[in-house]
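Read through the structure below, which is laid out as structure tokens, and then see the notes.
As the structure lists them, so they are numbered: ligands from 1, and atoms in each ligand from 1. The residues of the chain are indexed from 1 along the displayed sequence.
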Amino acid sequence: MAEKLTCRLAVLVSGNGTNLQAIIDSIAAGEINAVITCVISNQPNAFAMQRARQHGIPTVIHENIGFADRRAYDAATVEILRSHQVNLVVLAGFMRILSDVMVDAFPHAIMNIHPALLPAFQGLHAQRQALDYGVRFSGCTVHFVDGGTDTGPIILQAVVPVDQDDTEETLSHKIQHEEHRLFPTAVKLFAEGRLQVTGRSVRILP
Ligand code: GAR
């Protein structure tokens with residue numbers, strides 16, 4: 001019987017990298033048939049890069065310096081990704097909006113995690129937005145990236161209750177707990193070829 005192909009990931013980060021860590025751990029535990037070919041950061045001092053190095057994963061610091069515009073930066077990103085023969089691009093706290101150059105290069109093959117129940121509270125400071133609005137529940141969303149900001153087809157969501165005493169910090173903590181379960185699950189589904197996208201809808205195949 002033909003052996004199943006190992007999915008080749010690139011993880012793009014800007015910060016702490018707890019979601020990167022969750023994916024590294026899931027792969028190490030044999031839960032996902034994937035390899036992280038590289039971790040790319042626009043922030044040279046992101047702690048996520050240390051996590052990658054500790055696991056022997058190649059890292060690329062890709063700062064937004066000397067590029068004419070967002071599209072030029074993204075064209076350089078696409079080159080890096082192509083050189084690693086990447087099947088799936090994972091945005092794990094990558095705090096940049098992608099241009100059409102990236103989105104068109106990897107159709108339905110870029111995943112983002114957002115700390116709210118989309119389409120509510122798109123953009124920055126989603127937890128603050130949820131608290132300010134007074135919602136009783138928030139959560140996180142893994143979605144494919146399209147041309148908009150936090151607008152692409154939804155893959156998975158998880159809900160957390162918002163308590164009266166929650167602060168941005170406590171709500172973020174609860175949401176991250178769910179993120180660390182949700183994101184590896186979405187990557188696993190992709191790696192198994194079980195995500196079928198039709199228009200806005202993502203069907204999870206058995
Ligand atoms: C995560 O909570 C993720 O939802 C959020 O950044 C955090 C990164 O944490 N992403 C966004 O807000 C994107 N709009 P991490 O670096 O510890 O994985």
Side-chain angles (χ1 to χ4, degrees), residues 9-28 32 34 36 38-55 57 59-64 70 73-74 77 88-99 102-103 110-133 135 137-162 166-188:
L9 311 179
V11 183
L12 274 59
V13 296
S14 301
N16 190 0
T18 61
N19 280 286
L20 165 68
Q21 189 69 56
I23 294 166
I24 290 173
D25 293 347
S26 277
I27 293 172
I32 308 175
I36 302 177
C38 60
V39 173
I40 301 173
S41 178
N42 63 327
Q43 299 289 344
N45 298 323
F47 185 66
M49 297 299 256
Q50 284 194 42
R51 295 180 190 272
R53 287 185 204 110
Q54 269 165 18
H55 289 84
I57 300 168
T59 55
V60 181
I61 293 169
H62 183 35
E63 285 183 274
N64 183 21
R70 194 182 296 282
Y73 176 91
D74 281 1
T77 313
L88 174 65
V89 181
V90 176
L91 307 184
F94 185 62
M95 304 310 272
R96 280 183 65 87
I97 292 169
L98 302 188
S99 71
M102 267 287 281
V103 175
I110 307 175
M111 272 185 195
N112 181 47
I113 189 147
H114 184 75
L117 293 174
L118 292 173
F121 313 130
Q122 300 166 347
L124 291 175
H125 308 297
Q127 301 92 332
R128 175 84 265 150
Q129 293 184 54
L131 288 170
D132 288 348
Y133 202 93
V135 292
F137 293 92
S138 190
C140 49
T141 304
V142 180
H143 64 95
F144 283 119
V145 174
D146 66 4
T149 304
D150 302 324
T151 54
I154 289 171
I155 301 166
L156 294 173
Q157 293 186 301
V159 178
V160 306
V162 180
D166 265 330
T167 61
E168 206 173 335
E169 195 183 356
T170 59
L171 179 58
S172 299
H173 187 77
K174 284 193 281 190
I175 290 173
Q176 281 229 321
H177 184 75
E178 290 303 316
E179 289 186 349
H180 300 157
R181 183 181 60 77
L182 205 67
F183 217 177
T185 305
V187 172
K188 178 182 168 69

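In terms of N/O distances under 3.5 Å, ligand 1 is approached by Thr18.
Gln176 and Thr18 share a donor-acceptor pair across their side chains, judged by distance under 3.5 Å alone. For Asn16 and Arg51, the side-chain atoms include at least one donor-acceptor pair closer than 3.5 Å. Side-chain contact annotation: His143 with Asn112, donor-acceptor N/O pair under 3.5 Å present.
When atom types are taken as modelled, the side chain of Glu179 and the backbone of Cys140 share no donor-acceptor pair closer than 3.5 angstrom. Between the side chain of Ser41 and the backbone N or O of Ala46 there is no donor-acceptor pair closer than 3.5 Å.
Of all protein heavy atoms, the one lying nearest to atom 10 (N) of ligand 1 is Ile113 O, 3.6 Å. Closest to atom 9 (O) of ligand 1, if we only count protein heavy atoms, is Gln176 NE2, 3.1 Å. Of the protein's heavy atoms, Pro115 CD, 3.7 Å lies nearest to atom 11 (C) of ligand 1. Among all protein heavy atoms, the one lying closest to atom 1 (C) of ligand 1 is Glu179 OE1, 3.2 Å. Looking at atom 16 (O) of ligand 1, its nearest protein heavy atom turns out to be Gly17 N, 2.7 Å. Annotation: atom 14 (N) of ligand 1 to nearest protein heavy atom, His114 ND1, 3.6 Å.
Using a non-hydrogen distance threshold of 4.0 Å, Gln21 does not register as a contact of ligand 1.
In summary, the atoms of ligand 1 found under 4.0 Å from a heavy atom of Gly93, numbered by their order in the structure, are 6 (O), 8 (C).
When each of Ile36, Val39, Ile57 is paired with Leu9, the side chain to side chain contact (heavy atoms under 4.5 Å, CB included) condition holds for Ile36 and for no other.
In this structure, Asp132 pairs ionically with Arg128, as a charged nitrogen and a carboxylate oxygen lie closer than 4.0 Å.
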